[in-house]
Protein chains: 2
Amino acid sequence: MTLVLVVDDDIQIARALRINLSARGYRVAVAHDGAEALRAAAKARPDLVVLDLRLPGTDGISVISSLRAWTVTPIVVLSGRTDETTKIAALDAGADDYVTKPFGMDELLARIRAALRRSAVAARQADEPLVDTGSFSVDLGVKKVWRQGAEVHLTPTEWGMLELLVRNRGRLVTQKQLLADVWGPQYAGRSHYLRIYIAQLRQKLEPDPARPRHLITEPGMGYRLA
Amino acid sequence: MTLVLVVDDDIQIARALRINLSARGYRVAVAHDGAEALRAAAKARPDLVVLDLRLPGTDGISVISSLRAWTVTPIVVLSGRTDETTKIAALDAGADDYVTKPFGMDELLARIRAALRRSAVAARQADEPLVDTGSFSVDLGVKKVWRQGAEVHLTPTEWGMLELLVRNRGRLVTQKQLLADVWGPQYAGRSHYLRIYIAQLRQKLEPDPARPRHLITEPGMGYRLA
DNA sequence: ACCGGCTGTCAAAACCGCGTCAGGCCCATC
DNA sequence: GATGGGCCTGACGCGGTTTTGACAGCCGGT
C-alpha cells in the first residue's frame with residue numbers, strides 16, 4: 001500500500017493530513033522536524049513526502065537536498081511562504097510541487113495523486129513489476145507469463161483478466177469489475193464469459209486445474225488471485 | 001534541444017512565454033486553440049506542454065484527456081480559474097501542475113524545470129545506442145542497421161517502427177503505441193499499416209522472414225523485439 | 001428429494017486478426 | 001513526361017480467438 005511521509009511541526013496540520021490521507025487508503029507516517037524526517041525516509045522508504053518548509057531547527061530546503069541525494073521519491077512542499085524566491089529555491093532543490101498555506105485539502109490531495117501517478121508511470125517502465133505466485137510469475141511491464149521456467153502464451157482476453165487480477169492481488173475482484181475492465185461496462189451480467197476464461201487461465205497456469213490454488217472463486221462475488 | 005509547446009489564446013502571455021523560454025534555451029512552439037494544440041503535439045512531439053485552460057471553442061480539460069490518451073509528456077496548466085474544483089479536475093485528468101494567473105514568470109519557469117527534470121529521470125532508461133539481436137544490429141545514434149556485416153537500407157517509416165521496438169526491446173509494444181509514435185495518435189486503429197511494415201522489416205532483417213525470430217507478433221496486442 | 005441459482009465443462013460456430021499480394025497514388029528526380 | 005521509390009488501399013485465405021449454446025455438478029433452501 002502506498003506510504004506517505006508527512007513532515008510538519010504543526011500538530012493541527014499533521015493531524016488533518018493523517019486523517020484525510022488515511023481515509024483515502026494511504027498509509028501515513030509522521031515526522032516533526034528535519035532530522036526525524038530524514039531518518040524516517042531512510043527507514044520507511046515512503047512513496048511520497050509532504051514536507052513543510054518551516055521546521056524547527058533545520059532549514060526545509062536542505063532537507064529536500066538531503067533527500068534528493070539518494071532518492072527520487074516525489075516531494076510535495078507545503079509552506080506559509082508565498083514569495084517566489086523561496087518557491088523557486090525549493091523547486092530547484094528537487095521538490096516536485098509547492099503548495100502555499102492556507103491550502104484546500106482537496107487540492108492538496110489531487111496534487112498528491114498527480115505526483116504519485118507520475119512516479120507510478122516512471123516505475124512501471126523502470127522496475128520489473130514481477131509478480132510471483134509460486135506456481136507462475138507475471139511481468140506486467142513486458143506482458144509475459146512464465147510457468148516452470150517456460151513462457152506461457154496468453155490470448156488478449158486471458159491477459160486482460162490476469163492483469164486485473166494481478167494488479168489486485170489478494171483482493172477480491174468482482175465479476176462486474178472484470179467484465180467492465182476487459183469487455184466494457186455494457187457487458188456487466190455476462191458472467192458466462194468469466195467462467196470460460198478463468199477455466200482457460202487455470203488450464204494454463206494452475207498446477208492442478210481441477211483444484212485451483214491461485215485463481216480462487218468467491219461464489220456470488222467474483223475472483224481473487226492468491 | 002528541449003521543445004516546449006505553449007497553448008494560449010492570449011497573445012500577450014504567449015509572447016511573454018515565448019521570449020522567456022527562448023532566453024532559457026528552450027525551443028518554443030505556439031498554438032492558440034485546442035484543436036491546433038492537439039495537432040501540434042502530434043506533429044512536433046514536445047517535451048512539455050504549457051496549457052491555458054480557457055481556450056476558444058475547446059474545453060481545456062478535454063484537451064488534457066486527449067493528450068493523455070497517447071502521451072505522458074508533462075502538462076503544466078495555466079489558468080485564471082482559482083476554484084478548487086477546476087484545479088482538481090485538471091490534475092486528475094492528467095495535468096502535472098496547475099499555476100493560477102496572475103503568475104510570476106520565474107515561478108512558472110521553475111515549475112517547468114521541475115516537470116522536465118522528473119521526465120528526464122524517467123527517460124534516462126533507453127540510452128543504449130548500439131543494439132544487437134544476433135541476426136542484425138541497430139545503431140540508434142547514427143540511425144543505421146546492419147545484417148551480416150552489410151548495411152541495410154530502411155525507409156523512414158520502417159526506421160520509425162524499428163526504432164520504437166528497439167527502444168522497448170523485450171517488452172511488448174502495443175499497436176496503438178506503434179501507430180501513435182510513427183504515424184500520429186489519430187491513426188490508432190489502422191493496424192493494417194503495421195502488418196505491411198512489419199512484413200517489410202522481416203523481409204529485410206529476419207534470416208527466415210516466414211518464421212520470424214526477432215520481430216514477434218503478439219496476436220491482438222502488438223509486436224515485440226526479441 | 002426436488003428445485004433454482006451459480007459454477008464449471010465441452011464443443012461447434014461465428015468472428016476477427018494476421019500475413020500476403022497486387023495495384024494505385026504522390027512526389028522527387030531526371 | 002517518364003521513371004522509380006515510398007506509402008496507402010483493397011481483397012483474400014488461413015488460423016486462432018471469441019462467442020454461443022447445451023449440459024453436468026454443487027449447494028442451500030423448501
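Throughout, a chain's letter reflects where its sequence line sits, starting with A, and its residues are numbered from 1. For the numbers below, each heavy atom of this structure counts, side chains included, while hydrogens, waters and symmetry mates do not. Please read these numbers as outputs of a predicted model, since none were measured by experiment.
- Look at B:Arg195 and you'll find a side-chain N or O under 4.0 angstrom from OP1 or OP2 of C:dC18.
- Among the protein residues, A:Tyr197 comes within range of the nucleic acid bases, having at least one heavy atom under 4.0 Å from a base atom.
- To the nearest angstrom, C1' of C:dG19 lies 13 Å from CG of B:Leu194.
- Taking atom OH of A:Tyr193 as the reference point, atom P of C:dA14 lies 15 Å away to the nearest angstrom.
- Side-chain contact check for B:Val173 versus B:Gln177: some heavy-atom pair is nearer than 4.5 Å.
- When heavy atoms are screened at a 4.0 angstrom cut-off, B:Gln175 is found touching the sugar-phosphate backbone but no base atom.
- Atoms NE2 (B:His192) and C1' (C:dG19) sit 9 Å apart, rounded to a whole Å.
- Distance check, rounded to the nearest 0.5 Å: CD of B:Glu218 to CG of B:Leu172 gives 5.5 Å.
- Between B:Trp159 and B:Tyr197, the distance separating the two ring centers is not shorter than 6.0 angstrom.
- With respect to the salt-bridge test (charged N to carboxylate O, under 4.0 angstrom), the residues A:Lys144 and A:Asp139 do not qualify.
- At least one side-chain nitrogen or oxygen of B:Tyr223 sits closer than 4.0 Å to the OP1 or OP2 atom of C:dG19.
- Nearer the 5' end of DNA chain D, as judged by each residue's closest nucleotide, is the contact made by B:Gln200, out of B:Gln200 and A:Leu154.
- With ring centers used as reference points, B:Tyr193 lies under 6.0 Å from B:Trp183.
- Residues A:Gln203 and A:Gly222 each lie close to DNA chain C; by heavy-atom proximity, the contact nearer the 5' end of the strand is made by A:Gly222.
- Ranked by how close their nearest DNA chain D nucleotide is to the 5' end, B:Thr155 and A:Trp183 are led by B:Thr155.
- Across all strands shown, A:Tyr187 has no heavy atoms under 4.0 Å from either base or sugar-phosphate atoms.
- For B:Leu178 and C:dG17, the CG to P distance is 17 Å, given to the nearest whole Å.
- B:Arg15 has its side chain within reach of B:Ile19: a pair of non-hydrogen atoms, C-beta onward, lies under 4.5 Å apart.
- No side-chain heavy atom of B:Leu162 sits under 4.5 Å from any side-chain heavy atom of B:Lys204.
- Of all nucleotides in DNA chain D having an atom under 4.0 Å from a heavy atom of chain B, the first and last in 5' to 3' order are D:dG6 to D:dA11.
- B:Ile196 comes within contact range of at least one nucleobase, with a heavy-atom separation under 4.0 Å.
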